[in-house]
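Letters A, B, ... are given to chains in the order of the sequence lines, protein chains preceding strands, and every chain is numbered from 1.
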Number of protein chains: 2
Amino acid sequence: MEISYSILPKLFCYKYATILTMDIHGLKVFASVFKNKSFTKAAEEIHLSQPTISDHIKALEEELDCKLFDRLGRTVIPTKEAEALYSLAEEIIEKATNVKDIIGQLKKELKGELTIGASTIPGTYLMPSLMAAFQKKYPSVSFQIFISDSKEIAEKVLKHELLLGVIGMKLSNEQIHHIPFIEDELIAVASPHSIKTSIMTLRDFIKFPMVLREEGSGTRRELERILENRGITLEDVKIAGIFGSTDAVKQAVKAGLGTSILSEYAVIDELKHNILKEIKLSDIQMGRKFYFITHKKRTLPFLYNTFLQHIKAIKTDSKNI
Amino acid sequence: MEISYSILPKLFCYKYATILTMDIHGLKVFASVFKNKSFTKAAEEIHLSQPTISDHIKALEEELDCKLFDRLGRTVIPTKEAEALYSLAEEIIEKATNVKDIIGQLKKELKGELTIGASTIPGTYLMPSLMAAFQKKYPSVSFQIFISDSKEIAEKVLKHELLLGVIGMKLSNEQIHHIPFIEDELIAVASPHSIKTSIMTLRDFIKFPMVLREEGSGTRRELERILENRGITLEDVKIAGIFGSTDAVKQAVKAGLGTSILSEYAVIDELKHNILKEIKLSDIQMGRKFYFITHKKRTLPFLYNTFLQHIKAIKTDSKNI
DNA sequence: AAGTCAAATAGATAATTTCTATAATAAATC
DNA sequence: GATTTATTATAGAAATTATCTATTTGACTT
């Protein structure tokens with residue numbers, strides 16, 4: 001393997017050292033002369049002057065070092081070499097003509113895989129239904145959702161490992177483009193058995209031991225921000241446990257390990273079935289936003305842009321309802 | 001069919017009206033940037049300056065109306081469109097690079113069909129052994145010998161229906177290139193039973209009725225030329241019959257219809273077996289030459305030139321023996 | 001031999017390619 | 001956070017190339 005590695009650059013060098021004057025335009029001129037058996041007719045067809053055609057053929061003849069046409073006064077007759085060149089030239093011209101079409105089509109193509117990095121809440125509770133709706137509209141689209149915490153998603157977007165992310169916080173990085181997505185309400189929850197009161201102040205609530213997400217989490221960060229606004233730090237809070245997933249936190253709260261403050265999307269089912277109990281905080285509203293994030297320097301494939309427009313449309317629709 | 005005929009010119013028009021600026025050089029620049037993930041490295045590889053690379057990429061981006069690379073400071077990342085373009089570009093570059101090789105190889109190719117127009121004598125009595133020798137040397141060569149009279153062979157060469165001919169006379173046409181081939185002796189023959197003497201003068205010989213070839217024939221023309229030199233026209237000769245082939249003339253002579261003057265190559269076997277008898281003409285030597293003929297304006301494929309050189313070599317060899 | 005048709009040549013102009021030098025920008029380092 | 005470094009973009013100039021028109025050359029036709 002090491003040998004082939006060291007030889008490779010030389011091969012490239014060789015390949016590019018070969019001066020290839022031949023261009024597609026010249027081949028088109030040749031093909032036209034070949035088909036018309038006339039320089040003048042080719043000139044009319046390609047809308048160039050006859051001397052220009054002569055020039056092109058001369059250049060090709062010099063480059064290939066062989067006569068391509070026998071000029072016999074009224075007609076020209078292609079040589080054996082010209083016959084061979086014609087089929088090759090047609091292939092090249094066709095391929096080159098296709099390029100524009102293929103790229104043009106690609107620019108409008110609504111199929112392929114949409115890879116999105118998502119933090120826990122959007123990845124687990126929001127993306128699935130979005131994916132379903134989008135895929136219904138564009139059946140040839142498949143999704144790959146990479147779930148991690150907000151910090152890692154942001155890093156991957158910055159390192160160009162991901163083109164698109166959804167996270168629960170706004171970043172200060174100038175390179176990141178934020179597209180507001182959806183509002184989320186953070187809700188204080190406890191086990192139904194552990195706390196009887198269903199309304200209290202934030203300061204009262206944090207007297208109970210709490211179960212939290214780990215540090216990179218958007219939910220955790222949002223919580224810290226809210227407490228900080230009230231002059232409270234996490235050091236004032238009695239932490240009963242830290243878990244790496246929202247589900248684990250929910251299990252811990254259910255088991256009575258402590259209270260928590262979680263996304264409404266994460267606990268909507270548990271509240272409905274009385275597995276968890278909402279503690280209304282009388283003095284605070286804990287809203288936060290989710291954002292789609294992209295790197296400002298990256299060009300998004302059409303499919304990704306369409307997806308983002310779809311999201312924007314949904315947002316507008318739901319606002320109007 | 002008429003419909004497709006009338007539509008055809010429009011299609012050509014459309015095809016060539018599409019302005020296709022894209023050239024192979026530009027694609028090579030693109031491919032290098034794509035592989036190196038760098039404009040600067042591509043510049044080194046192709047031995048162009050970095051701004052030139054920038055220009056080429058810009059031109060391609062404008063023509064295809066899409067961004068090809070996201071420029072991110074230290075690296076560039078190809079877009080989805082660039083990925084697609086790369087595979088297409090490599091195909092085109094490879095084909096274009098092949099052209100030179102393929103044409104180059106064709107120029108030295110010693111295979112294929114060698115079509116030669118030959119008049120009766122060379123086509124029947126000289127070409128077969130030549131063909132055999134040449135094919136032994138170059139086994140991938142096949143022959144097609146078109147036999148007709150000298151006049152028609154010459155016409156076909158002039159009308160570009162044949163690239164190469166062998167005939168028994170020199171033409172006055174300026175367009176024809178003559179390559180001397182082999183000497184032939186015309187021999188006066190008769191049926192062994194009809195004439196007892198085996199030597200006489202030309203004037204005595206033409207007192208006997210003669211059997212001749214048709215007018216276009218080289219042998220006939222040669223005979224006329226010889227007679228003319230002696231102040232004799234064909235009107236002085238009693239013509240017993242005119243036949244369209246040398247074989248027919250021979251049969252007629254054998255049958256005692258008359259005498260004839262024929263190529264030594266045509267009667268060599270008959271003389272050996274005493275089917276025909278040579279009448280030595282004491283006062284004349286009737287030599288003539290055969291020539292390979294080509295049109296001066298036509299380019300001969302390499303195979304044809306090789307064949308002619310082979311012929312020339314044989315001539316030199318046989319002279320030296 | 002004159003007329004006609006087709007390609008080649010010459011000379012001029014416009015377009016393009018490419019260069020060097022420099023600016024702008026982003027990442028890495030201190 | 002300022003500085004250095006690496007990379008692409010821009011500007012302006014020079015060289016090359018593509019193209020044109022007008023004319024010449026060459027060959028077939030009459």
Side-chain angles (χ1 to χ4, degrees), chain A residues 19-30 32-34 36-63 67-78 82 155 158-160 172-176 295-299, chain B residues 19-30 32-34 36-63 67-79 82 155 158-160 173-176 295-299:
Chain A
I19 300 135
L20 198 113
T21 314
M22 175 167 35
D23 63 351
I24 292 162
H25 184 210
L27 291 179
K28 289 211 295 190
V29 169
F30 163 78
S32 179
V33 172
F34 187 92
N36 289 299
K37 305 270 175 280
S38 155
F39 286 49
T40 306
K41 291 210 187 79
E44 282 161 19
E45 183 172 282
I46 322 187
H47 304 296
L48 287 173
S49 72
Q50 170 267 311
T52 304
I53 306 293
S54 290
D55 264 3
H56 278 290
I57 298 301
K58 198 176 163 193
L60 253 183
E61 287 183 330
E62 273 163 18
E63 180 169 8
K67 217 173 178 196
L68 291 171
F69 296 101
D70 286 329
R71 285 79 156 173
L72 312 147
R74 295 280 147 130
T75 42
V76 290
I77 299 184
E155 265 169 22
L158 279 167
K159 284 198 286 181
H160 309 295
S172 52
N173 195 308
E174 262 299 302
Q175 304 286 17
I176 294 293
H295 194 290
K296 275 185 182 166
K297 291 286 172 67
R298 295 305 301 279
T299 307
Chain B
I19 300 136
L20 197 114
T21 315
M22 179 166 33
D23 63 351
I24 291 162
H25 184 209
L27 290 179
K28 287 211 295 188
V29 169
F30 164 77
S32 179
V33 172
F34 186 93
N36 288 299
K37 305 271 176 280
S38 157
F39 286 49
T40 306
K41 291 209 186 80
E44 282 161 21
E45 183 170 283
I46 320 186
H47 304 295
L48 287 173
S49 72
Q50 168 266 312
T52 304
I53 306 293
S54 290
D55 265 3
H56 278 290
I57 299 301
K58 198 175 161 191
L60 253 183
E61 286 183 331
E62 272 163 19
E63 181 171 9
K67 218 175 179 193
L68 290 172
F69 296 102
D70 286 329
R71 286 79 155 169
L72 312 147
R74 295 280 146 131
T75 43
V76 291
I77 299 184
T79 63
E155 265 170 20
L158 279 166
K159 283 199 283 178
H160 309 294
N173 195 306
E174 260 301 301
Q175 303 285 16
I176 295 292
H295 194 291
K296 276 186 181 164
K297 292 286 173 69
R298 295 303 302 278
T299 306

Legend entry - Donor-acceptor under 3.5 Å (A/Thr299 side chain, B/Lys67 main chain): no
Inset, instruction - Keeping the roles fixed (side chain from A/Arg71, backbone from A/Phe69), state whether a donor-acceptor pair exists under 3.5 Å. - result: yes
Legend entry - Separation of atom CG in B/Asp55 from atom P in D/dT10, rounded to whole Å: 9 Å
Legend entry - Contact nearer the 5' end of DNA chain D, comparing B/His160 with B/Ser54: B/Ser54
Inset, instruction - Kindly say whether, by distance alone, the side chain of A/Arg71 makes a donor-acceptor pair under 3.5 Å with the base of D/dT25? - result: no
Inset, instruction - Return the value, rounded to whole Å, for the distance between atom CG of B/Leu60 and atom P of D/dA9. - result: 13 Å
Legend entry - Salt bridge B/Arg298-A/Asp70, side-chain N to carboxylate O under 4.0 Å: yes
Inset, instruction - Would you mind telling me which of C/dA7, D/dA9, C/dA27 lies closest to the side-chain atoms of A/Phe39? - result: C/dA7
Inset, instruction - Please confirm whether the backbone N or O of B/Ser38 pairs with a side-chain atom of B/Asn36, one donor and one acceptor, at under 3.5 Å? - result: no
Legend entry - B/Ser49 side chain near C/dC19 phosphate (N/O to OP1/OP2, under 4.0 Å): yes
Inset, instruction - To the nearest Å, give me how far apart NZ (A/Lys41) and P (C/dA7) are. - result: 8 Å
Inset, instruction - Look at A/His56 and D/dT19 and indicate whether a side-chain polar atom (N or O) is within less than 4.0 Å of OP1 or OP2. - result: yes
Inset, instruction - Would you classify A/Ser38 as touching base, sugar-phosphate or nothing, given that sugar-phosphate means primed atoms plus P, OP1 and OP2, and contacts are heavy atoms under 4.0 Å? - result: sugar-phosphate
Inset, instruction - Determine: side-chain N/O of A/Thr52 to OP1/OP2 of D/dC20, distance under 4.0 Å, yes or no. - result: yes
Legend entry - Residue A/Val76, side-chain atoms from C-beta onward, closest of D/dT21, C/dA7, D/dT8: C/dA7
Legend entry - Spacing between B/Phe69 atom CZ and D/dA9 atom C1', to the nearest angstrom: 16 Å
Legend entry - Separation of atom NZ in B/Lys28 from atom P in C/dT18, rounded to whole Å: 11 Å
Inset, instruction - Compare side-chain N and O positions of A/Lys297 against OP1 and OP2 of C/dA26 and report whether any pair is under 4.0 Å apart. - result: yes
Inset, instruction - Respond yes when some side-chain nitrogen or oxygen of A/His25 is under 4.0 Å from OP1 or OP2 of D/dT19, and no when none is. - result: yes
Inset, instruction - Could you state the atom-to-atom distance from CG of A/Leu72 to P of D/dC28 in whole Å? - result: 8 Å
Inset, instruction - Establish, with yes or no, whether the OP1 or OP2 oxygen of C/dA27 is under 4.0 angstrom from a side-chain nitrogen or oxygen of A/Gln175. - result: yes
Legend entry - Sugar-phosphate, base or nothing in reach of A/Thr40, heavy atoms under 4.0 Å: sugar-phosphate
Legend entry - Heavy-atom donor-acceptor pair, A/Gln50 side-chain to C/dA6 base, under 3.5 Å: no
Legend entry - Polar pair under 3.5 Å, donor/acceptor by atom type, side chain B/Arg74, base C/dT25: no
Legend entry - Touch class at under 4.0 angstrom, heavy-atom based, for B/Leu48 against every strand present: sugar-phosphate
Inset, instruction - Report the distance from atom CD1 of A/Ile53 to atom C1' of D/dT21, rounded to the nearest whole Å. - result: 15 Å
Inset, instruction - Please lay out, stage by stage, how B/Glu45 and B/Ser32 fare under the test side-chain hydrogen bond (donor to acceptor under 3.5 Å, both in side chains). - result: CA-CA 7 Å; B/Glu45 183 170 283; B/Ser32 179; 3.0 Å; yes
Legend entry - Rounded distance (Å) that lies between atom C1' of C/dT25 and atom NZ of A/Lys296: 15 Å
Legend entry - Expected output: side-chain A/Lys296 to main-chain A/Glu174 donor-acceptor under 3.5 Å: yes
